[in-house]
Each structure stands twice: as C-alpha cells, then as structure tokens.
Q: 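One structure, pasted below without further comment.
Atoms considered below: every heavy atom in the structure, side chains included; atoms not considered: hydrogens, waters and symmetry mates. What you see is a predicted model; the values in this text were computed from it and never measured. Lettering follows sequence order; numbering is per chain, from 1.
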Amino acid sequence: MAQTYDHQAVEAKWQAHWEQAGLFHIQEDPTTPKYYCLEMFPYPSGRIHMGHVRVYAIGDVVARYKTMRGFHVLHPMGWDAFGLPAENAAIEKGVHPNVWTRDNVAYMKRQLRRMGLSYDWDREVNTSQPDYYRWNQWIFIKMVERGLAYRKRSAVNWCPSCETVLANEQVLAQEGKDGGVCWRCESVVIQKELEQWFFRITHYAQELLDGCDQLTSWPARVLAMQRHWIGRSQGVEVDFPVADPRDGVAAIRIFTTRPDTIHGATFMSVAPESPLVEQLIEGRAEAAAVRAFVERVSRLDKATRTAVDREKEGIFTGAYAMNPFTQERIPIWVANFVLYEYGTGAIMAVPAHDQRDFEFAKQYDIPIRLVIQNPEATLVPDALDEAYVEQEQAGTLVNSDIFTGLSVAAAKHAIGEHVETQGWGTRTVNFRLRDWGISRQRYWGTPIPMLYCESCGLVPVPENQLPVLLPEDVPFTGKGGSPLKESPSFAKATCPTCGGTARRETDTMDTFVDSSWYFLRYCSPKDMTQPVNPEAAKHWMAVDQYVGGIEHAVLHLLYARFFTKVLRDLGLTTVDEPFVHLLTQGMVTKETYWCEEHRWVLPSDTKKEEGERLCAQCGKVIVTGRTEKMSKSKKNIASPEDLCDRYGADTARLFSLFAAPPEKDLEWSDTGVEGCSRFLNRVWRLVHEQLPVICEAHGKSGSDPSELLTGLQRVTHHTIQRVTADLERDFQFNTAIAALMEFVNQLYKLLKDYPAAALTVDERAGWREALECLLLLLAPFAPHLAEELWEAVGHTASLVRESWPSYNPESLVSAEWTIPIQVNGKLRSKISVSAGSSKDHIIAIAQSDTKLIEWLQGKTPRKVIYVEQKLVNFVI
RNA sequence: GCGAGAGUGGCGGAACUGGCAGACGCGCAAGACUUAGGAUCUUGUGGGUAAACCGUGGGGGUUCAAGUCCCCCCUCUCGCACCA
C-alpha cells in the first residue's frame with residue numbers, strides 16, 4: 001500500500017463525478033428546510049489567491065455540513081465582473097475589458113472547481129453581462145420613479161488616479177495621509193464640484209439604523225461601524241435672528257444636540273461654503289478679508305481641512321445675530337471646522353461646553369460663559385482649560401434664566417419644548433449618512449439608462465428598450481473623461497417622449513450597485529422578465545450564512561441592506577434584512593523578508609546558513625519583516641495552485657480552516673500545511689489498514705461488549721458530539737478538526753492495542769462504525785479524500801447524499817470516572833471510581849488515597865467540596 | 001479622543017455555564033525502521049536539575065476553587081475621527 005495517496009487523481013476523479021451526477025444542483029424543495037449559504041463573490045482579477053481559498057473553504061464546509069444535516073442548501077457562485085482593472089488592462093494591453101474579464105472568469109472558475117467547492121454552477125451570475133446589468137438599469141429607473149435616484153450638483157470625492165468620482169464610503173482613512181484615500185488604488189482623494197447621480201440611501205437611514213438591532217448574529221464591530229457611519233443625532237434646530245436683517249437672511253438656523261447649553265452661546269459659526277456667508281458680508285468692511293479666508297480654506301480638500309488636529313480657524317463676518325433665549329447680540333463667524341453638508345451648515349457656539357468652540361473662543365478672545373455646573377467640583381469659568389462636556393447624568397444648569405437648576409436631561413427636554421412653543425424652531429434628527437453618489441466616469445460598468453432631451457429634459461429609457469448595452473466601439477485611451485462619450489454610436493438617441501434628439505447619459509454606475517442585490521438574483525438567475533422572482537426570493541431569502549471580508553463592513557454590507565429595502569418596497573422580496581448570520585473571516589498573512597539591497601524578497605530567493613537567513617543573490621542578511629496580509633508587492637504570497645499541485649485541495653482547505661479560528665487572521669505556515677497533509681495521509685492509511693478488518697465478517701461473535709468495542713464506540717460518539725457542537729457553535733472549524741485529529745490518534749492507539757486477528761464480529765462492526773463516522777465527519781472539510789475512502793469501504797453512493805451522524809449518549813458513558821483530588825484548590829491526586837458512585841463513596845476512596853494522606857498530614861479537613869463527576873477539594 | 005476586539009509555552013492556537021491550564025497542530029529532542037531520508041512510526045516536550053514551588057499583560061479583590069467574575073492600570077490590532 002502506498003504511504004501517501006495520489007491526491008491529484010483522487011480529486012480530479014471526484015470533481016468529475018460530482019459534476020456529472022449534478023449533485024450540487026439545487027431546487028426549491030418544500031419537504032425539507034432551506035438553507036442559503038453565500039460567500040462574497042469575487043472580482044475576476046485573474047487568479048485565485050489565498051484569501052479566496054479561505055473564504056470559499058469556509059463557505060463550502062457550511063454548505064456541505066448543512067446539506068448533510070438535511071437542509072436543501074442554496075450555494076451559488078458568480079462574478080463581480082465590472083470594475084477598473086479590466087479597463088486598465090484595456091488601456092495598457094489593448095485587450096477589450098469583456099475579453100479580459102471573460103478569460104479571467106474562465107481561469108478562476110477552473111481554479112474554484114479544483115478546490116472541490118459544492119456550487120450550483122447553473123445559477124452562476126456575471127454582473128458584466130447584459131442579462132444581469134439590464135436589471136441594474138431596471139432598478140435604477142424604478143428608483144428614479146420613486147425619487148430614490150436623483151441628480152444633483154455638489155462637491156464630490158474624486159480619485160485622480162482612477163479618474164472617477166467615489167462615494168463617501170469608498171474614501172478610506174489612511175495613516176500618514178492627510179486626506180482620505182481611494183478604496184481601490186489608495187491615491188489621495190480630492191474634491192470636485194460636479195453634477196452626479198445619487199441614490200437616496202438617507203431615506204432609509206432610520207430603518208438601516210434600527211435594523212442593526214435585529215442583526216444579532218453579526219459581529220459587534222461591524223454593527224458598531226454601521227451605526228457610527230449612519231450616525232444619528234437627536235437635537236433641535238433653532239433660528240437665531242440676524243441683528244440687522246438683510247435681503248433673504250432674516251435668521252440663521254442652527255442645529256444642536258445640546259439645546260441645554262443655549263444660554264452659553266456667545267457666538268455663531270457658519271461653514272465657509274455656505275451661501276449665507278456672501279449674503280452676510282456683502283457691503284461690509286470685512287467682506288474682502290472674509291472672501292480671502294473662504295477662498296483659502298476651500299482650496300484645501302475636505303479631509304485635510306476637517307482633520308481633528310487641524311487648528312481652528314475663522315474670521316468675523318461683521319454681522320451679529322440675536323440669541324433668542326438671552327436676546328443678546330452675538331457675533332457671526334465663519335469657521336473652518338463647520339461642515340456645510342451636516343445639519344444646517346451653521347452652529348451656535350458654546351465655548352464653555354464644546355471643545356471646538358472652546359479652542360476657537362480662546363484663540364479669538366471670545367467670552368466663555370459657563371451654563372452647566374459640575375455638582376461634584378465647582379467650575380470657575382476663568383480657570384477652565386478645556387470645555388466642560390459632562391454626561392447626561394451629571395451637571396446642573398446655571399445662568400440660564402428660568403431653566404437654571406434643571407438637570408441636563410431635563411433641560412434638553414424643556415428647552416427643546418420651549419423652542420417649539422415659541423416658534424423658534426423644531427426638534428429634529430440628523431444623520432451623518434450621506435446619499436450614495438453612483439456616477440462613475442468609466443467604461444466598464446452599467447450604463448445609466450437616462451436620456452437628456454432638448455425639450456423634455458431628463459427622460460428614463462423606457463423599460464422595453466432595456467438593456468442599454470455597453471457599446472463596443474469605444475477607444476481605451478486612458479486620458480480620462482467618460483469613455484462612453486467617445487462612442488460614435490452610443491451618445492445619440494431619440495427621446496421616447498417627443499421623438500426629438502436626445503443625448504444619453506455617458507457615465508456608468510458604481511460597481512457596488514451590482515453587488516448590492518446579486519444574492520437576490522441567485523434565487524432566480526434565469527428569470528428574463530424581472531430582476532428577482534418574488535416567489536423564489538420568498539423561498540430562499542434571507543441568506544442564512546454570509547461569509548466575507550471585514551473590509552466591506554460599511555461598503556457592500558450597507559449598500560446591500562439598502563437595496564434589500566428598496567427591492568422589498570418594490571415588492572420583489574419580503575425580507576427586511578438580507579443576511580441573518582455574518583461571518584467576517586480574517587486575512588491570510590505571511591512573514592515578509594527584506595533585503596537591504598533587493599528590498600522585499602521571496603522566501604525562495606533566500607537561503608539559510610547557520611541559522612541565519614541570507615539573500616540568495618547578494619548574501620546580505622535578511623531582515624524578517626512584519627507578518628502582513630499577503631500581497632504581491634511584499635512578496636509574501638503563497639500560491640493556491642502550487643498548493644493544490646503539491647498537497648491537493650483537501651489539504652489547502654483543511655489548513656485554511658485549522659490554522660486559526662475563522663474570524664481571526666491566519667498566519668501562513670508551510671510546515672503547518674504539511675501537518676495537515678500528514679493528517680490526511682494518516683486517515684488514508686488507517687482506513688486502508690483496517691479494510692480487511694471491516695470488510696471480512698469472520699471471527700466469533702462476542703458475548704458482552706468488549707473493552708475494545710465500548711472504547712471504539714465511546715471515542716466515535718464523543719467525536720461526533722464534539723465536531724457537531726463545534727460546527728453548531730459559531731463554526732469553530734479549528735477545534736472541530738482538532739477533534740478529528742484526536743479521533744484518528746485514538747483509533748491508531750486502539751489499532752495497536754488490539755490485534756486484528758483476534759477480533760470478534762461485533763468488534764469488526766465497531767471498527768466499521770468508527771471509520772465510517774470518521775469519513776462522514778471529515779466529508780465537509782476534505783470531501784475528495786472522504787469520498788474516495790467511502791467508496792473504498794464499500795459504498796457506491798456519494799457521500800454528498802449521506803446524513804450527518806448523530807451520537808448515542810449511552811455510548812459516551814464510561815464505566816469509570818476519573819476524579820481529580822485537590823487540597824486547598826491545588827491538584828494533588830486523581831482517583832478512579834466506578835461510574836455512578838455516590839458522593840460519600842468517592843470522598844471515602846479519596847481519603848484512602850495514599851498521595852492524599854501524605855498531603856493531609858493527618859489533619860482533618862475543615863471542609864470537603866464535591867462537584868458531581870468533576871472533582872473533590874479538601875480544605876485544610 | 002470615540003468605538004470594537006485581543007494579550008495564554010519557542011510558534012499557531014485550546015479551555016461550553018468559575019472546577020485537572022496549555023487540547024490539536026507546528027517546532028524541538030530521543031529512539032525505531034531504513035543504504036539514506038526533509039518519508040513513516042514510537043516516546044518526550046510550560047518554567048524549575050528536582051519534589052516544593054512558579055506560571056494565562058501588570059496590580060488589587062471575591063471564592064473552597066479565577067485564563068474565566070469585580071475594580072484599577074499597561075500594551076497591541078482594527079475601525080471612525082472637528083458630525084455641532
């Protein structure tokens with residue numbers, strides 16, 4: 001018998017078998033419960049990387065496990081196929097994005113097949129194909145009709161490298177960079193004033209926030225990030241009348257969450273972009289200086305200007321407003337930290353109780369008036385070195401007219417009410433969330449199905465003219481601007497309303513639109529009449545288990561939740577939330593190597609000499625860098641293809657699941673991979689060595705169950721229990737696999753201790769049960785090997801159709817208990833008693849234990865603690 | 001600063017409701033089988049020569065018993081960062 005099995009042949013054999021038998025093809029089945037298992041679909045960048053291996057291995061174990069548990073499991077796969085790399089390839093290499101994408105999809109699909117993943121490929125979707133993106137357009141038009149898609153001119157994020165607009169969610173913070181950076185290329189993003197299409201995600205802000213409470217099986221940090229991103233603030237809008245009113249500015253409306261501090265407002269601040277500024281300064285002596293300030297501030301990009309450590313800067317407009325509560329004249333300033341897009345773009349400034357206002361007041365010598373007193377330590381206004389920003393529970397109002405003496409909480413309520421009864425304003429709620437800008441000035445995306453007619457204005461493309469196809473005659477120059485403009489055939493159109501000439505919208509949609517509803521499309525991927533078949537969606541939705549990277553915590557996951565609500569309101573689905581359980585898997589990381597001369601180097605370009613790692617080229621000492629996410633530039637990648645060639649898909653899967661809990665980072669280790677490969681070979685040899693034992697039925701029939709038989713049964717059923725519990729409890733794959741390894745170790749021990757020749761018929765049956773359970777339990781993790789051995793032990797049907805084994809609690813019962821004996825809480829001995837022994841009996845046995853007698857030194861224990869089946873503790 | 005999470009052997013990591021700390025794997029050591037092996041198998045492996053004792057980031061506390069509960073502190077990772 002070979003000592004290692006031929007994984008190449010075995011894996012190819014079963015992949016072909018599964019496919020030919022159509023074992024992963026799934027249909028609605030009213031007789032069994034459904035389960036929808038989904039992993040985030042990949043962008044077809046060219047090759048599968050280890051991150052893909054990990055996420056798809058996780059998903060596949062879930063899908064296979066749930067299938068064995070009797071669910072009919074929807075486990076689809078597809079391609080998030082629109083995106084910039086395809087277009088860049090067109091610019092650089094002259095290959096059409098469609099061709100580039102198609103080739104990549106074909107290659108990556110082969111790679112995924114090689115991993116033995118249980119996908120229903122009949123449901124494959126590809127977002128770059130008209131049969132998919134036409135429904136983006138359809139949904140877009142429905143959203144236009146409902147006012148959920150609209151066009152507006154505003155300052156937007158612009159990535160100079162990708163030459164396109166980005167949504168707020170796609171601008172990320174990066175250390176060392178002043179501004180935000182592009183999510184894709186990490187270039188610093190700038191601001192541009194443009195007219196663009198937006199999705200009114202803010203319409204669902206409250207529901208998106210409330211929905212977080214239902215998502216109890218999502219990681220806390222993802223929910224925290226979403227809640228923060230949505231950013232709900234409850235407060236009051238108040239009009240501050242302008243002291244000498246001018247045209248169109250009778251009052252300045254502010255938003256505050258701290259109406260309780262309103263008596264302490266000693267000035268106001270307006271955002272530099274606000275049109276109020278010009279209205280306030282016109283004709284004043286201050287006008288020129290203010291304009292210069294605004295000009296200077298607005299040259300900076302927003303992220304820089306609003307960085308928290310940036311100095312507070314401002315300028316007095318010359319105008320005054322009246323605090324409606326105190327009737328005082330307070331100066332109106334323009335301040336760099338006030339955001340035009342948030343609230344009303346203007347604030348009342350309470351330096352005593354807001355840190356920003358405090359710093360501003362200090363700098364410009366504006367009075368600071370204390371209106372909240374700390375009851376525990378009396379604050380002296382002149383001695384403040386920071387604003388007193390107390391919590392709700394502490395603080396009492398002072399210097400606040402009739403509100404003096406109220407608690408902060410009571411004052412918030414009372415003053416809010418007063419504002420409303422006086423007609424000065426209203427209580428209101430503000431969100432941090434902004435509408436989603438979806439226009440992209442790129443080619444490889446969904447054309448926005450809108451027309452600009454000279455006489456009718458904006459006109460949606462009629463439904464029966466969809467899809468608006470991407471034109472082929474587009475030159476890829478890389479010189480920027482929407483490439484669709486360059487198509488001679490595309491831009492010109494006929495207005496469906498008046499028949500006159502119209503111009504097509506030449507921007508395309510953000511690719512995040514595509515991925516915002518693909519999970520719904522999988523329910524009825526071939527429906528040519530609608531994006532989602534409501535019946536199919538009703539059957540399959542919501543996704544029971546979603547698996548993907550944490551990097552989408554606010555991007556894709558927020559957009560997908562939004563789209564689900566939109567499609568629900570269009571009657572296409574009945575669920576409010578798309579994903580019930582969310583597993584965010586960690587990154588795959590690896591050590592990096594740095595050579596002074598050759599920079600980052602591949603492990604294979606280094607050599608080890610006398611315990612030191614040297615550069616193979618120049619012989620210099622290699623510095624071992626940080627363990628980081630695998631990346632080509634850091635040269636710390638491991639190739640899934642090499643891995644499959646050398647060890648096989650089962651080993652690759654097993655290692656990705658074993659080396660770390662799924663949500664944590666996984667540090668790549670070549671020796672760890674070998675360990676997993678060794679384990680699979682051990683399973684292979686174990687089963688083959690025992691084939692004669694389990695396949696031949698000779699031997700006498702035993703009378704009572706032998707020690708071997710009860711041992712086999714106990715370890716078998718105990719393993720079933722452990723593996724099942726580990727999978728049921730948050731998919732603890734690493735400990736489930738550890739349990740399987742222990743199982744195999746124990747079986748080898750029994751193999752050694754009980755020679756095959758002497759076995760009874762019952763014992764042979766016990767061995768068969770043990771080995772078959774091993775294969776069943778192993779099947780979701782290492783499906784090829786499990787199938788091969790399942791066949792070897794005599795089965796003809798695929799393991800895919802087998803049920804998950806259940807354990808018999810009686811088999812777990814051991815004839816003996818081993819009870820640890822403690823003295824004063826420290827382990828001193830262990831005793832063995834027959835199972836079911838009474839407390840008194842166990843204590844008596846313990847007291848006669850020689851080791852214990854030594855430890856007790858003749859003293860009588862003050863107290864004896866006995867925990868059922870757990871331990872005895874003598875306190876002396 | 002705010003939010004989330006994490007600190008356990010040489011390493012990755014176990015330890016469900018307080019109850020034998022270190023499962024499983026890697027690495028290491030010794031041995032067996034081998035012409036040989038980086039194959040395979042067996043044994044050992046927290047520190048301490050050793051029993052004692054010490055050990056879960058540090059310091060207190062509760063308890064018969066603490067990695068686990070309570071209080072204080074430190075470090076690291078990730079996310080958000082002037083949102084009024």
Q: Quickly work out the A:E663 CD to B:A4 P distance and round it to whole Å.
A: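 In whole Å, B:A4 P lies 18 Å from A:E663 CD.
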Q: In terms of the nearest nucleotide of RNA chain B, which residue is placed more toward the 5' end: A:F874 or A:R221?
A: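 Mapping each residue to its closest nucleotide by heavy atoms, the 5'-most match is A:R221.
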Q: Which nucleotide wins on minimum distance to the side chain of A:A220, given the candidates B:G12, B:G19, B:A4?
A: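 Among B:G12, B:G19, B:A4, the one nearest the side chain of A:A220 is B:A4.
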Q: Nearest heavy-atom pair of A:A846 and A:I821: which atoms, and what distance?
A: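 The answer is CB-CD1, 3.7 Å.
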Q: With respect to the side chain of A:L339, which nucleotide from B:A84, B:C64, B:C80 is positioned closest?
A: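 Nearest listed nucleotide: B:A84.
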Q: Within the structure shown, what part of the strands sits under 4.0 Å from A:R227 by heavy-atom distance: base, sugar-phosphate, or nothing?
A: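 The residue A:R227 makes no contact with any strand.
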Q: Decide, yes or no, whether a salt bridge links A:D354 with A:R356 under the criterion of side-chain N to carboxylate O below 4.0 Å.
A: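 Between A:R356 and A:D354 there is a salt bridge, with a charged N closer than 4.0 Å to a carboxylate O.
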Q: Mind checking the P distance from B:A15 to B:G19? Whole angstroms is fine.
A: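 B:A15 and B:G19 have their P atoms separated by 12 Å.
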Q: Specify the separation, in whole Å, of atom NZ of A:K664 and atom P of B:G5.
A: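 Answer to the nearest Å: 14 Å.
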Q: Looking at A:R427 and A:E237, does any basic side-chain N land under 4.0 Å from a carboxylate oxygen?
A: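 Looking at A:R427 and A:E237, the cut-off is not met.
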Q: Any donor-acceptor pair under 3.5 Å linking the side-chain atoms of A:E591 with those of A:Y593?
A: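 A donor-acceptor contact under 3.5 Å links the two side chains.
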Q: Determine the Euclidean distance between corresponding C1' atoms of B:A66 and B:U17; express it in Å to zero decimal places.
A: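 Approximately 15 Å lies between the C1' atom of B:U17 and that of B:A66.
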Q: Provide the distance between the two C1' atoms, one in B:U34 and one in B:U42, to the nearest whole Å.
A: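 Approximately 15 Å lies between the C1' atom of B:U34 and that of B:U42.
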Q: Distance check, C1' atoms only: B:A6 and B:U68, in whole angstrom units.
A: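 Approximately 15 Å lies between the C1' atom of B:A6 and that of B:U68.
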Q: Under 4.0 angstrom, heavy atoms only, what part of the nucleic acid is A:R828 near: base, sugar-phosphate, or nothing?
A: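 Counting heavy atoms under 4.0 Å across all strands, the contact made by A:R828 is with sugar-phosphate only.
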Q: Does any non-hydrogen side-chain atom of A:F679 lie less than 4.5 Å from one of A:F658?
A: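 No. Closest side-chain heavy atoms not under 4.5 Å.
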Q: For atom C1', what is the distance between B:C53 and B:C72, given to the nearest Å?
A: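 The same atom, C1', in both gives a distance of 29 Å.
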Q: A:E689 has an atom CD; how far is it from atom P of B:C41, in whole Å?
A: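 Computing the A:E689:CD to B:C41:P distance gives 10 Å.
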Q: Give the rounded distance in Å between these two atoms: CG of A:L209 and C1' of B:C83.
A: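 Atom-to-atom, A:L209 to B:C83, this comes out as 15 Å.
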Q: Which of the following nucleotides, B:C82, B:C20, B:A52, is nearest to the side chain of A:F337?
A: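 Closest nucleotide to the A:F337 side chain: B:C82.
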Q: Work out how far the P atom of B:G13 is from that of B:C2, and round it to whole angstrom.
A: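 Each nucleotide's P atom is 29 Å from the other's.
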Q: When the C1' atoms of B:A29 and B:A65 are considered, how many whole Å apart are they?
A: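 It works out to 36 Å between them.
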Q: From the options B:C20, B:G79, B:G5, select the nucleotide whose nearest atom is closest to the side chain of A:M225.
A: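 Of the candidates, B:G79 comes closest.
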Q: Between the side chains of A:T589 and A:D665, does any donor sit under 3.5 Å from an acceptor?
A: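 Checked: A:T589/A:D665 side chains show no N/O donor-acceptor pair below 3.5 Å.
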Q: Choose from B:C41, B:G3, B:U43 the nucleotide whose nearest atom is closest to any side-chain atom of A:A224.
A: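 Per side-chain heavy atoms of A:A224, the pick is B:G3.
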Q: If you check every side-chain atom of A:H228, which of B:G19, B:C83, B:C80 has the closest atom?
A: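 Given the options B:G19, B:C83, B:C80, the side chain of A:H228 is closest to B:C80.
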Q: Step through the shown structure and confirm whether more than 12 heavy atoms of other residues, nucleotides or ligands are within 6.0 Å of NE2 on A:H556.
A: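 Yes, enclosed.
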Q: What's the closest nucleotide to the A:K830 side chain, out of B:C20, B:A84, B:C64?
A: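 For A:K830, the side-chain atoms sit closest to B:C20.
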Q: How would you label the contact of A:P219 with the nucleic acid (heavy atoms, under 4.0 Å): base, sugar-phosphate, or nothing?
A: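 It contacts nothing in the nucleic acid.
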Q: Along nucleotides 22-33 of chain B, 5' to 3', which nucleotides get a B, which get an S, and which get a -, given that the test is a protein heavy-atom distance under 4.0 Å?
A: -BBSSS------
Q: Any base atoms under 4.0 Å from A:K826, or only sugar-phosphate, or nothing? Heavy atoms, all strands.
A: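 Sugar-phosphate only.
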Q: Can you tell me the distance, in whole Å, between the CD atom of A:E551 and the P atom of B:C78?
A: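 It works out to 14 Å between those atoms.
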Q: Is it the case that atom CG in A:N824 sees more than 12 heavy atoms from other parts of the structure closer than 6.0 Å?
A: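 Enclosed.
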Q: Distance check needed: B:C16 P versus A:Q721 CD, whole Å only.
A: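 After rounding, the reported distance stands at 15 Å.
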Q: Taking the same atom, C1', in B:A30 and in B:U35, what whole-Å distance lies between them?
A: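 After rounding to an integer number of Å, I get 22 Å for this pair.
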Q: Of A:A660 and A:R434, whose closest RNA chain B nucleotide lies nearer the 5' terminus?
A: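 Whichever sits nearer the 5' end wins; that is A:A660.
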Q: Taking 4.0 angstrom as the limit, do A:K362 and A:D357 come out as a salt bridge?
A: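 Looking at A:K362 and A:D357, the cut-off is not met.
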Q: Just the rounded figure in Å: distance from P of B:A39 to OH of A:Y5.
A: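 In whole Å, B:A39 P lies 17 Å from A:Y5 OH.
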Q: Please confirm whether the ring centroid of A:F267 lies under 6.0 Å from the ring centroid of A:F360.
A: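 Distance test on ring centres: under 6.0 Å, yes.
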Q: Between A:Y340 (OH) and B:A84 (P), how many Å, whole number?
A: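 My rounded result for the distance is 18 Å.
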Q: Do A:K870 and B:C20 have a side chain to base donor-acceptor pair shorter than 3.5 Å?
A: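 Result: no qualifying N/O pair found.
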Q: If you check the A:S233 side chain, which of B:G19, B:A84, B:C20 turns out closest?
A: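 Comparing B:G19, B:A84, B:C20 against the side chain of A:S233, the answer is B:A84.
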